[in-house]
Amino acid sequence: MSLLNQLFNRGVFAAKCKTCLTLSISRMKLLQNKRDLQVKHMRKEIAQFLQAGQEAIARIRVEHVIREQNIWAAYEILELFCEFVLARVPILESQKECPFELREAVASIIFSAPRCSEVPDLLHIKNLFATKYGKEFVIAASELRPDSGVNRSIIEKLSVNAPSGEARLKVLKEIAREYNLEWNSSNTEAELLKKHEDLLAGPKQIVAELPRPQAPTKQSSLKVSSPNGANPITDTYSTQGSGSHYLQAPIHVSQLTSLDTTEKEPSVRHQNTGSVNERGITSPSSDVMEKARAAIALAERATAAARAAAELVNVKFDSLKLDEARTL
């Protein structure tokens with residue numbers, strides 16, 4: 001029973017393989033003729049662009065011409081491989097492993113099948129080879145593993161990489177000679193052969209951002225006053241930062257006739273004396289510490305002024321009590 005199955009499977013493999021190979025050859029011939037006409041039309045358009053001085057458009061259009069020519073050349077090679085395998089299908093059917101002389105043709109067809117969407121019959125051939133020789137054989141050819149046997153020209157023609165500047169310049173010169181154009185290619189050579197910076201990996205140079213100049217520090221003043229009226233004792237100070245700070249401690253003093261004390265502290269100017277590192281950039285931590293110390297010093301002076309005012313009020317209050325006691 002198993003022998004009958006093997007014979008039946010062999011017959012099915014041979015029939016399907018021959019059918020798919022024949023359809024692939026016919027389809028690739030039609031596509032080659034169609035693509036040949038398209039390439040000729042595009043080359044004529046590029047010649048017109050060169051003659052009109054529109055070299056920038058010609059440099060872009062020539063990439064499409066190169067891709068179409070590569071696919072045309074790949075179809076020509078694949079067509080020969082398919083004819084070679086078609087003639088030796090009985091050998092493939094009789095042997096369990098792929099023969100060495102057919103390995104390059106079979107591996108090239110497997111590699112090209114997913115990359116030639118216009119020829120779907122190649123995918124059917126790939127599936128037949130996967131059933132015949134196993135998935136590992138197909139994966140080795142598809143991923144171009146060592147000793148896969150894929151033809152080098154097929155790999156280059158079906159590559160998705162952009163054509164090099166030398167290849168584009170060569171085709172442009174061929175088109176100019178084909179249509180007998182007097183074209184000066186110096187500008188195009190300078191543009192195509194120029195090495196452009198790869199910006200996908202980020203900039204090559206890092207520009208250090210210098211610290212911004214800081215605004216000058218405002219004057220800080222401490223004022224304690226108690227004139228003849230009932231005026232509050234205030235302490236105001238301002239430092240460099242997001243805004244000025246204002247501290248007011250109102251203490252009303254009444255009936256002070258002989259006391260007129262005004263104490264003024266010199267202005268405190270804060271200088272940016274931050275530490276300087278090896279690159280000459282001022283460290284912002286020292287500035288913050290200096291500002292904090294200045295603010296603490298001003299707060300201590302304000303507290304001392306408030307205490308002095310409170311003592312004056314207590315002294316006056318005690319003197320009033322004494323006067324009232326004497327009158328009684």
Please check if atom CZ in Arg145 has more than 12 non-hydrogen atoms from other residues, nucleotides or ligands closer than 6.0 Å.
yes
Heavy-atom count around Glu182 CD within 6.0 Å, excluding the residue itself: above 12?
no
Taking only residues two or more places apart in sequence or in another chain, which ones pass ring pair (Phe, Tyr, Trp, His ring centres under 6.0 Å) with Phe137?
Tyr133
Main-chain N/O of Lys29 paired with Asn33 side-chain donor or acceptor, under 3.5 Å
yes
Can Glu68 and Met42 be said to form a side chain to side chain contact (heavy atoms under 4.5 Å, CB included), step by step?
CA-CA 10 Å; Glu68 293 296 320; Met42 288 187 294; 3.7 Å; yes
Between Asp121 and Arg27, does the side chain to side chain contact (heavy atoms under 4.5 Å, CB included) criterion hold? Intermediate values first, please.
CA-CA 9 Å; Asp121 302 296; Arg27 196 182 300 272; 3.1 Å; yes
Does a side chain donor of either Trp183 or Glu55 reach within less than 3.5 Å of an acceptor in the other side chain?
yes
Please report the C-alpha distance between Phe129 and Val85 in whole Å, then the side-chain angles of each, then the deciding distance to 0.1 Å, and finally whether the side chain to side chain contact (heavy atoms under 4.5 Å, CB included) criterion is met.
CA-CA 12 Å; Phe129 287 147; Val85 173; 4.3 Å; yes
Could you work out, with salt bridge (charged side-chain N to carboxylate O under 4.0 Å, His left out) as the rule, every residue matching Glu118, not counting sequence neighbours?
Arg35
How about Gln51: does its CD atom have over 12 heavy atoms from other parts shown lying under 6.0 Å from it?
no
Chi angles and distances behind the salt bridge (charged side-chain N to carboxylate O under 4.0 Å, His left out) call for Glu189, Lys173:
CA-CA 10 Å; Glu189 289 181 6; Lys173 289 182 178 180; 3.1 Å; yes
Out of the candidates Lys44, Glu45, Gln38, only one should pair with His41 under the side chain to side chain donor-acceptor pair (under 3.5 Å) rule; please name it.
Glu45
Would a distance-only check, ignoring hydrogens and angles, find a side-chain to backbone donor-acceptor pair under 3.5 Å from Ser94 to Ile91?
yes
Would you indicate whether the side-chain heavy atoms of Phe13 and Leu92 approach each other to under 4.5 Å?
yes
Would Arg177 pass as a cation-pi partner of Tyr179, given that its NZ or CZ must be under 6.0 Å from the six-membered ring centre and within 45 degrees of the axis?
no
For Asn151, does its backbone N or O pair with a side-chain atom of Ser108 as donor and acceptor, under 3.5 Å?
yes
Joint cluster assignment, Leu23 & Ile77, ILVMFWY side-chain distance < 4.5 Å
no
Minimum side-chain heavy-atom gap Cys116-Leu158 below 4.5 Å:
yes
Other residues, nucleotides and ligands only: do more than 12 of their heavy atoms fall within 6.0 Å of CG on Asp147?
no
Quick check: do Arg43 and Glu174 have side-chain heavy atoms less than 4.5 Å from each other?
yes
Verdict with supporting geometry, Arg152 and Glu156, salt bridge (charged side-chain N to carboxylate O under 4.0 Å, His left out)
CA-CA 6 Å; Arg152 184 68 184 176; Glu156 294 177 355; 3.6 Å; yes
Are Cys82 and Ile109 side-chain neighbours, meaning at least one heavy-atom pair lies under 4.5 Å?
yes
